[in-house]
Amino acid sequence: MTDEPRSLSERSDPRFLSERSDPRSLSERSDPRFLSERSETKDADEPYDVLIVGGGPAGLSAALNLARSLARVLVVDADRPRNAATLISHGFLTRDGIPPHELRRLAREELAAYPQVTIRTRERVFQIEAEGSGFVAEIGRRAPEARVTAHRVLLATGLRETLPDVPNLRGFYGVSLFSCAACDAWELQGRALALIGETPDLAARARLIARWTRDLTVFTNGADVVDAAEEAELAAAGIGVERSPIAELHGERGALTGIRLADGSAHAVEGGFVRPEWETDLSFLPALAPDLDAHGHLAADRAGRTSVPGLYAAGDVASPGPQQLIVAAGAGARVAAVMIHDSIGVATAH
């Protein structure tokens, strides 16, 4: 019997060969019920081409583009996105105004059409170590339950955020208080706004937000993070600075209407922004110890390569940190192309 002819790309690297036959119909493979538990056409012990840690826009975009290059992909997603409090997301072309959870649902539904992609939701990676020319990972829900191997790993875990210590702030976060000006300032334009934060970049962030309003007040919540020179510069731009700790936020059903300070003063506002502190969760990588930047984000080149060969990063987890959903999705697509090109030693313009 004559062997089935293969293309050059299929012959180039056996690590990126994937079984393309699937006994199910296209409608069955597109059914969302097949997203988490899917029969695979290869031995479960065989290494994946790519393990993706994180199922947000960066991770799912990478999975889609890797699948279209015939890579066998495993996505492990804890399903605890940083933007869980956000009701509506903006700035994603053709999806402006979509809830973030709906964007992820649509992405997973599209990936169901690719039989070589497996998505394990509500699971996490507990440890990743180098093994041979690839990696081995322990995954599970509350504790390690399985070990999987992969030739390459893409980290798309995003960030964890800590909000300023302000009473009842979470009741307004994602409804009338936001963290991303580029994402949400358009809806708040022209209103009396607050900027709440305790980080040294607060003055710079205030100058950005002032693009959308002429009535902005910075609340440092008692933190000494705006110096005299910055305060004078903000005052010249019509931006006030309040240094007293915040006693309470006022409003109903998530709509912020006022801020009461510990010194007894009260300020009427119609929404605003908060500056969280962000950190990466790389507790599962002690054995690999990739380089980090000064802010604790994974240090990676523009192509997503980290200091560990075979380990890549995309989205918020990599420098420069938090970004819009569409930017994270683009980063995932770009890194996916780089991973394919790197696997066969082909230079890439990405």
Side-chain angles (χ1 to χ4, degrees), residues 50-68 73-111 117 119 121 124-125 152-161 174 178-186 208 273 275-282 290 292-293 295-306 311-340 348 350:
V50 179
L51 164 64
I52 299 176
V53 186
L60 295 176
S61 177
L64 174 62
N65 285 275
L66 287 165
R68 293 186 60 81
V73 180
L74 172 64
V75 179
V76 179
D77 182 29
D79 205 20
R80 299 182 64 182
R82 180 173 62 87
N83 59 9
T86 302
L87 300 178
I88 300 294
S89 61
H90 295 282
F92 205 116
L93 191 64
T94 77
R95 292 293 183 268
D96 189 43
I98 191 173
H101 69 84
E102 177 66 6
L103 187 66
R104 292 192 298 275
R105 186 193 68 78
L106 290 172
R108 292 173 180 175
E109 188 175 271
E110 289 181 352
L111 284 169
V117 176
I119 301 177
T121 60
R124 53 176 291 202
V125 174
R152 287 172 172 77
V153 173
L154 172 59
L155 300 178
T157 53
L159 298 171
R160 294 187 303 190
E161 65 182 16
F178 307 95
S179 61
C180 175
C183 306
D184 298 293
W186 194 90
L208 172 63
F273 292 88
R275 169 52 164 102
E277 294 193 52
W278 293 291
E279 63 178 346
T280 53
D281 180 9
L282 303 177
L292 307 179
D293 68 11
H295 302 287
H297 305 303
L298 275 169
D301 64 16
R302 187 175 179 276
R305 303 180 188 93
T306 72
L311 181 69
Y312 298 75
D316 292 356
V317 71
S319 298
Q323 52 201 260
Q324 290 179 274
L325 299 183
I326 194 167
V327 177
R334 183 182 68 244
V335 175
V338 170
M339 297 177 83
I340 294 295
T348 172
H350 296 279

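For the numbers below, each heavy atom of this structure counts, side chains included, while hydrogens, waters and symmetry mates do not.
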Any idea which heavy atoms bring [X] and [Y] closest together, and the distance?
| X | Y | result |
| --- | --- | --- |
| Ala58 | Ala156 | CB-CB, 4.2 Å |
| Ala329 | Ser61 | O-OG, 2.8 Å |
| Ala67 | Val117 | CB-CG2, 3.4 Å |
| Val75 | Gly55 | CG1-CA, 4.2 Å |
| Leu292 | Leu282 | CD2-CD1, 3.5 Å |
| Ala62 | Leu154 | CB-CD2, 3.3 Å |

Indicate yes or no: at least one non-hydrogen side-chain atom of [X] is less than 4.5 angstrom from one of [Y].
| X | Y | value |
| --- | --- | --- |
| Ile88 | Pro99 | yes |
| Arg152 | Leu66 | no |
| Arg95 | Leu106 | yes |
| Asp281 | Thr157 | no |
| Arg124 | Val76 | no |
| Tyr312 | Met339 | yes |

Handout entry: Any donor-acceptor pair under 3.5 Å from Asp96 side chain to Gly91 backbone
Key = yes
Exercise for the section: Look at the side chain of Ser89 and the backbone N and O of Ile98, then say whether any donor-acceptor pair between them is shorter than 3.5 Å. Expected result: yes
Report the distance from atom [atom1] of [X] to atom [atom2] of [Y], rounding to the nearest 0.5 Å.
| X | Y | atom1 | atom2 | value |
| --- | --- | --- | --- | --- |
| Leu298 | Asp316 | CG | CG | 12.0 Å |
| Ile52 | Leu74 | CD1 | CG | 8.5 Å |
| Arg68 | Ile340 | CZ | CD1 | 12.5 Å |
| Thr280 | Arg160 | OG1 | CZ | 8.0 Å |
| Leu87 | His101 | CG | NE2 | 8.5 Å |
| Glu277 | Leu159 | CD | CG | 12.5 Å |

Problem - side chain to side chain donor-acceptor pair (under 3.5 Å), paired with Trp278, selected from His295, His297, Glu161 - result: Glu161
